Amino acid sequence: MRIWYRVANLDAARAFYRDALGFTETFVDEDERWASLDRDETEIALGESPEPPSEEDAVATIDVDDVKGERERLAAAGVEVGTVLELHGAMRVLDVFDPDGNRIQLTEEVS
C-alpha cells in the first residue's frame, strides 16, 4: 500500500521521514518534486504542493515496539507529537505530525 502526502517543502519532508521516523528513501524525482520512502510494509509518497494538507487526507499507521519511548524520542527532537492513547488494553496510539501538519499514527500492540 502506498500513502500519498502533500508537502510544502519536499526536502524537509524527506528528511523528516528518513531521519525522524526511520524510512528508507527509494525514489526521488527532483523535476516533478516527489519522492517515495519505505519502512517495513509501509510506503509513503511525498508530492510537493502549495496546497496545505486537510483533515480528509490519508493517515499512515506505523507499527513500533514502544510508543511511549518513541514519543519521548520524537518530542526531544522537536517533532510535534500528541498524547499516547491506550485503546482498551489492546493498542497504544500516538499522533505525530510532519513539518507540513500531515498526521502519522504510531501504534503498539499491548499484550
Side-chain angles (χ1 to χ4, degrees):
M1 171 170 51
R2 176 182 292 165
I3 300 159
W4 278 92
Y5 278 141
R6 291 186 304 224
V7 298
N9 181 317
L10 181 62
D11 297 326
R14 288 167 53 205
F16 172 80
Y17 284 93
R18 210 179 39 235
D19 303 340
L21 295 183
F23 278 76
T24 301
E25 197 165 77
T26 58
F27 179 81
V28 178
D29 185 330
E30 292 290 347
D31 294 329
E32 296 293 322
R33 301 301 293 158
W34 76 278
S36 182
L37 300 97
D38 291 347
R39 177 177 166 167
D40 301 323
E41 299 297 318
T42 303
E43 181 180 357
I44 293 181
L46 307 169
E48 195 170 76
S49 169
E51 302 273 334
S54 70
E55 291 287 325
E56 292 80 35
D57 285 341
V59 176
T61 301
I62 302 168
D63 296 328
V64 298
D65 293 329
D66 180 9
V67 164
K68 291 178 182 179
E70 286 295 302
R71 187 196 185 287
E72 289 177 21
R73 181 184 70 79
L74 291 168
V79 174
E80 182 184 351
V81 294
T83 302
V84 174
L85 303 175
E86 189 159 329
L87 308 176
H88 305 291
M91 179 175 288
R92 289 189 185 110
V93 178
L94 172 67
D95 285 344
V96 176
F97 298 89
D98 76 8
D100 291 284
N102 290 303
R103 181 169 54 112
I104 304 107
Q105 287 188 328
L106 303 185
T107 60
E108 171 190 357
E109 289 189 33
V110 180
S111 302

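Predicted, not measured: the structure shown is a model, and the values here were computed from it.
Between Thr24 and Asp38, the side chains place no donor N or O within less than 3.5 Å of an acceptor N or O (distance only, hydrogens not considered).
When atom types are taken as modelled, the side chain of Asp100 and the backbone of Asn102 share no donor-acceptor pair closer than 3.5 angstrom. A donor-acceptor distance shorter than 3.5 angstrom exists from the side chain of Thr26 to the backbone of Ser36, with no hydrogens or angles considered. With hydrogens and angles ignored, the 3.5 Å screen pairs a side-chain donor or acceptor of Glu48 with a backbone N or O of Leu10. Checking side-chain atoms of Arg6 against main-chain N and O of Gly47 turns up no donor-acceptor pair under 3.5 Å. A donor-acceptor pair under 3.5 Å is absent between the side-chain atoms of Asp29 and the main chain of Trp34, judged by distance alone.
Asp11 and Arg33 are joined by a salt bridge, as a carboxylate oxygen and a charged side-chain nitrogen come within less than 4.0 angstrom of each other.
In this structure, Ile3 CD1 and Thr61 OG1 are separated by 7.0 Å, a value rounded to the nearest 0.5 Å. Atoms CD and CG, from Glu109 and Asp65 in turn, are 10.5 Å apart once rounded to the nearest 0.5 Å. Once rounded to the nearest 0.5 Å, the distance linking CD of Glu70 with CD of Glu72 reads 10.0 Å. Atoms CG and CG, from Asp66 and Leu106 in turn, are 10.5 Å apart once rounded to the nearest 0.5 Å.
Scanning all heavy atoms of the two residues, the minimum distance from Val84 to Arg71 falls at CG2-CD, 3.9 Å. What you find for Pro99 and Ala12 is that their closest heavy atoms are CG-O, 4.3 Å. Here the closest non-hydrogen pair linking Val67 and Thr107 is CG2-C, 3.7 Å. The two residues Phe97 and Arg103 come nearest to each other via the heavy atoms CE2-CB, 3.7 Å. Looking at every heavy atom in both residues, Leu94 comes nearest to Gly82 through CD1-O, 3.2 Å. Here the closest non-hydrogen pair linking Arg92 and Glu86 is NE-OE1, 3.1 Å.
Put simply, Val64 and Val81 are part of the same group of oily side chains (I, L, V, M, F, W, Y) that touch within less than 4.5 Å, one to the next. Ile104 and Val93 are members of different hydrophobic clusters when ILVMFWY side chains are connected at heavy-atom separations under 4.5 Å. Under the 4.5 Å side-chain heavy-atom criterion for grouping Ile, Leu, Val, Met, Phe, Trp and Tyr, Phe23 is not connected to Val28 through any hydrophobic cluster.
Side-chain contact between Leu74 and Leu21 is present, with at least one heavy-atom pair separated by less than 4.5 Å. Here the side chains of Val96 and Phe16 are in contact, with some heavy-atom distance below 4.5 Å.
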Test log, rule side-chain contact (heavy atoms from CB on, under 4.5 Å), inputs Tyr17 and Leu46: CA-CA 10 Å; Tyr17 284 93; Leu46 307 169; 3.8 Å; yes

